[in-house]
Amino acid sequence: MKLSKEKHKELYLKMMQTRRFEETAARLFVEGKVHGTAHFCIGEEATGVGVCSALEVEDYILQTHRGHNQGIGKNMDINRMMAEFRGKETGYCKGKGGCMHIADFSVGSLGANGVVGGGIPIATGAALKQKYNKEKNITVCFFGDGASNEGAFHESLNLAAAWKLPVLFVCTNNQYGMSTSTKISMAINDISIRAAGYGMKGINLDGNDVVNIYNETVKAKKYILENGPMLMVLETYRWMGHSKSDAQLYRTKEEVNEWKEKCPIKRHREFLLAEGILTEAEIDALDKQAEEDIKRAVDFAENSPEPKIEDIFDDVYA
Amino acid sequence: MKLSKEKHKELYLKMMQTRRFEETAARLFVEGKVHGTAHFCIGEEATGVGVCSALEVEDYILQTHRGHNQGIGKNMDINRMMAEFRGKETGYCKGKGGCMHIADFSVGSLGANGVVGGGIPIATGAALKQKYNKEKNITVCFFGDGASNEGAFHESLNLAAAWKLPVLFVCTNNQYGMSTSTKISMAINDISIRAAGYGMKGINLDGNDVVNIYNETVKAKKYILENGPMLMVLETYRWMGHSKSDAQLYRTKEEVNEWKEKCPIKRHREFLLAEGILTEAEIDALDKQAEEDIKRAVDFAENSPEPKIEDIFDDVYA
Amino acid sequence: MREITYAQALNEAMSEEMRADKNIIFMGEDVGVYGGAFGVSRGMFEEFGPERVMDTPISELAITGCAAGASMTGLITIVEIMFSDFMTLAMEQLVNQAAKNRFQFGGQGSVPMVLRAPGGSGTGAAEQHSQSLEAWVAHVPGLKVVIPSTPYDAKGLLKTSIRDPNPVVFLEQKLLYRTKGPVPEIGDDYTIPLGKADIKREGKDVTIITYGRMVPRSLKVAEDLAKEGIDIEVVDIRSLVPLDKETLIKSAKKTGKVLVVHEACQTGGFGGELVSVVVDSDAFFYLDAPVRRLGGLDVPIPYNPNLEAQVVPTEEKITAAVKDLL
Amino acid sequence: MREITYAQALNEAMSEEMRADKNIIFMGEDVGVYGGAFGVSRGMFEEFGPERVMDTPISELAITGCAAGASMTGLITIVEIMFSDFMTLAMEQLVNQAAKNRFQFGGQGSVPMVLRAPGGSGTGAAEQHSQSLEAWVAHVPGLKVVIPSTPYDAKGLLKTSIRDPNPVVFLEQKLLYRTKGPVPEIGDDYTIPLGKADIKREGKDVTIITYGRMVPRSLKVAEDLAKEGIDIEVVDIRSLVPLDKETLIKSAKKTGKVLVVHEACQTGGFGGELVSVVVDSDAFFYLDAPVRRLGGLDVPIPYNPNLEAQVVPTEEKITAAVKDLL
Ligand SMILES: Cc1ncc(C[n+]2csc(CCOP(=O)(O)OP(=O)(O)O)c2C)c(N)n1
Ligand SMILES: Cc1ncc(C[n+]2csc(CCOP(=O)(O)OP(=O)(O)O)c2C)c(N)n1
Ligand SMILES: [Mg+2]
Ligand SMILES: [Mg+2]
């Protein structure tokens, strides 16, 4: 399917916003403006952006701990994302959750998760509600290759298949769970074959090709509303360390550099130029906009108030 | 592979002992001699007997809550089994465990389990120890169709495959988990296909053909010691209710009767006669022996002392 | 008033709420045609159909999370875990997700779900089917915890729990399922607030603070000791979270002698919380004896019926503990 | 004596035991080349190799059960759960299997395993990575529970735990990993028995009963208040199960004033057990003030650093609670 110029702009901008958001977040750590940790998806931008850009507000997503691309893809407010990252009152979670718990129910994000695989069972419930109410929408559940070894993955995919729930399970295979290569954590090469064990359709895609991911997601949604759940595995790679502190002794510089060659943003940019969809100038403008959006977010967060201890008991119970 | 006359006698006798053991246990309930519950494997005798008779003492087994055939197959002492069922001091667990926890480390049974799927992770550990010590033995893990929907199944099979542990995973598919048909609990017809999702070999066998199960287990052990774990699914059927109290509204009498036609004991008997391996008289003698063995066990249990509350703290800690 | 069983009362609470609100669904292992392992949901599948009464695969973690997800997005979900021992498989979704989501998302969403599970020993089901794990969930902010002791309380508290916008862990008592008690007519819509203890028997000499199946047992002891002129007040806390501290403290001040009784293993049990609430209040100055706890022995629940009966507080043990306080 | 960190002490304990006994293996997520999320096992993979230091898939339930199975059959297994919050995924195997197997099998076999997991807040890891769940495991017969507060205790207690024939849940404190303290030379084989509390500071006015990272914090308060002439005794229980009741009771009798402090949420926390042990003993008659508990607020651990710091007992709160008792 051919995408409109606008859609291409959206995909490119969201990926670039994600990249800048994280580069900036990384810098804020160095500056000591943030405590705690963060998990960056640099190199994996196409996954969350490609999938989420194909969804409607009424489609739900469950994000991972490495989900800035997913949130930006689902049109979350970058200012509030940055404010949450900074632990500010104006953040999505009032500074109580941090970036491992960023959520925006208003755009359909039911939240990022600090627990590997923790969002998978929740996704089946959101989809059950959609099916129960005969909605024409689906729930997209993001998780990593490592999460696919959790019992939650198995129980949830089986449940979704047995009940024909409208869930798109998206496994972002960045080849490692923390320091553990999938070659060590499992004896298979293609995670999508696990779908067959549930009587579910599974596909494996290049996780750095944002356009194809977008198109496949559009198709998947249609398929799911008619036939039930599906597993989509996106092959990609994490450029940075697992989290703030990671000496990366478990992989070679060569391997990292090979994958950097496959940068999803560079690739989309070259595609846009080659196809004559956007001009250098137009793309540069998007780059500039991304820079500015993030700068604005940083200022917004910087100038936002800290949450007050007086409010600590709010939201423990509804 | 052709079995010796002795082996055939062993298989037949163990199946018949299991059948009589459970018929008797059921009667003891009616007589009010037992409280609690029990899960009978009548109709499924060939599974545990066929598999365990192909093992050595040094091979471990993890039993299920429906595992009298497994225990008898692994040469457990029927007297102590019955005594445990009666909660007596002379029972395998000193009356503390009951039939959901019967174990006999001396014959390689690491115990039955009251938790569906609870024995599966344990099996990986026992196999890890065998591999670590370079033993030439395997661990056999029994569980049901329902258990294959538990996260423990997934995590354990993946771990065993990733580490090439010597485990034979035996799924006794009796078509139901309590009242829930596999048609409802999963969207696949053959559970053995789940093995592929772990890079493991999976086979599906007639669970009522004790001779074939025995032979396939011999082959499987050889395969496993050379190549790593394997999943063996045995298709069978539970004749009685799930446990003591079960109105069985979830299935038809016809379905039950169809399967009763496939009685594994009757089948083995007819095979033995047709092949001229045993005479009517020889088989009748085995039937008689089974009767007597169980009678002896009942008396043993009946005449055994109750455990004393004074000893209650024994074995909480080693 | 008519008398019905504890199980029937629970059935009526769910059924009445589900008739009144189409957004309520109910799921669990064998809760459909089978009617649940203890028959609590008998007839519900026939009345509400497979869309609202769902037999699940044996997947405690997933169904608990599924309930949380459905409840986060607009439904009200009742999920039955067949034995509370199997909450051990669901703790991640219950504790890290359901209990914390509203807080960690800064107040976005809520999780109106009820997790029902039977606890306790006495059925001969042994170590892995007889535990009393209420202390675990009572330690988790974001969860409410209820344990009813009578059919009347069971129905009224379950209705309130279903209407509560928060995740409620509703722990039923296996040995009480078949006990009968007075309950208003079907449709006569009464509820009981969470966080309100009930003084099941007034007395002036000693206060027994307890809950669940130890309530009827404590009442029996109270009746027997009344004959000896010992006047026991039996306080049924009914919900562990929220906890009605006022009523406990008031009673402790009145009698000056407190015995806390529960079936769960004594060490680390909720009794410690109850004792602490009393002694860390001004009731401390009214106490004329150490505050006693009587919990189950610190052993797994054994299979043998005699052993099983003796590892939890018996009438004899409760009686002895009371006399000890005097 | 040389000074090493708490993390290094743990590393030495495991390494020395593994050098001495080939039957000991160690597994967990990223414990190999990565050295564990908190670097505790750095260098061990290089020394002991992949057969004995095993990186596992992310499968908390399976690896806990795998450890139990290996230990039931002859090995001694140390399993690391990256954050104690993820014990929520392993409770079934830990509680229903590892803790109960010996008992439910009538004394056949034993399960010599150590489950190591870091608990506590203060790292900005928020709700799902900061819990203190020791009360759960302390409520399970069959398990032993240890929480060290110094490098010396960490090494001595971990060695004892590895040699213990029972499953031991060894809960480490994230914020103590980098703290330093005196520890005997490598190879100088000392151990510390489980069930022996340690009076970290003697005093006569008030007893603070605590454990884990609240020990150094309580000591700091004690030093400060000493200047005001308030003499605090700080008792570090070190192991929750077995619990050294004698030492607690003795100290309570001596000072007549007891404050129990822990980081875990106060409601349902182990503090209730500690309070009960004191007030249900003859120490009750020596108490001249209510026994106070100071636990964490009953909220999930928030992300924002200021909030995070204020939901657990601070020096200010401990100081105030002590003065309150006087
Ligand atoms: C249940 C659980 N176990 C362990 C962790 C610690 N942890 C955080 S991220 C991570 C790796 C997850 O790998 P994967 O699912 O592939 O996602 P990725 O980080 O590669 O995006 C681990 C082990 C956790 N957060 N939750
Ligand atoms: C974790 C867990 N969930 C639920 C139960 C209750 N239960 C006992 S047996 C059983 C059915 C198990 O089905 P399957 O694995 O097929 O074994 P089968 O009983 O058919 O032999 C259930 C649900 C349990 N014991 N453990
Ligand atoms: Mg990964
Ligand atoms: Mg079955």
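As the structure is a prediction and not an experimental result, all values here were calculated from the model. Chain identifiers are assigned alphabetically (A, B, ...) following the order of the sequence lines, protein sequences preceding nucleic acid strands; residue numbering begins at 1 within each chain. Keep in mind that the numbers below use all heavy atoms, side chains included, and drop hydrogens, waters and symmetry copies.
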Filtered by a 4.5 Å non-hydrogen cutoff, the part of residues 78-92 of chain B contacting chain D is Tyr92(B)

Write out, in numerical order, the residues from residues 310-318 of chain B with a heavy atom short of 4.5 Å from a heavy atom in chain D.
Ile312(B), Asp314(B), Asp315(B), Val316(B), Tyr317(B), Ala318(B)

When you measure from the side chain of Glu155(B) to the backbone N and O of Leu61(D), does any donor-acceptor pair fall under 3.5 Å?
yes

Most heavy-atom pairs under 4.5 Å with chain B, out of Ala70(D), Pro57(D), Gly109(D), Ala68(D), belong to Ala70(D)

Rounded distance (nearest 0.5 Å) linking atom CG of Leu62(B) with atom CD of Gln97(D):
9.0 Å

Tell me the closest heavy-atom pair linking Thr124(B) and Cys66(D), and the distance in Å.
OG1-CB, 3.3 Å

Closest-packed option against chain D by number of heavy-atom pairs under 4.5 Å, given Gly97(B), Cys93(B), Gly98(B):
Cys93(B)

What do the steps show when you test Phe103(D) against His101(B) for side-chain contact (heavy atoms from CB on, under 4.5 Å), and what is the final call?
CA-CA 10 Å; Phe103(D) 182 89; His101(B) 299 298; over 6 Å; no

Toward chain B, the part of Gln108(D) with a non-hydrogen atom under 4.5 Å:
both

More than 12 heavy atoms from other groups under 6.0 Å of NZ on Lys164(B)
no

Is there a donor-acceptor contact under 3.5 Å from the side chain of Glu92(D) to the main chain of Gly118(B)?
no

For residues Phe105(D) and Lys96(B), determine if any side-chain heavy atom of one lies less than 4.5 Å from a side-chain heavy atom of the other.
no

With heavy-atom distances below 4.5 Å as the criterion, would you say the side chains of Leu128(B) and Ile25(D) are in contact?
yes

Checking an interface table here. Which of residues 33-43 of chain D come within a heavy-atom distance under 4.5 Å of chain B?
none

Select one option (side chain, backbone, both, neither) describing which atoms of Ala112(B) are under 4.5 Å from chain D's heavy atoms.
backbone

Residue-level contacts of residues 46-56 of chain D with chain B, using a heavy-atom cutoff under 4.5 Å:
Glu51(D), Arg52(D), Met54(D), Asp55(D), Thr56(D)

Gap between atom OG1 of Thr73(D) and atom CG of Leu110(B) - 0.5 Å precision
7.0 Å

Under 4.5 Å from any heavy atom of chain B, what part of Asn101(D) do you find: side chain, backbone, both or neither?
side chain

Once you round to the nearest 0.5 Å, how far does OH of Tyr132(B) lie from CG of Asn23(D)?
6.5 Å

Given Ile102(B), Asn158(B), Asp104(B), the one with more heavy-atom pairs under 4.5 angstrom with chain D than any other is Asp104(B)

Rounded to the nearest 0.5 Å, what separates atom NE2 in His154(B) from atom OG in Ser59(D)?
7.0 Å

Proximal component of Val79(D), with respect to chain B [non-hydrogen, under 4.5 Å]:
neither

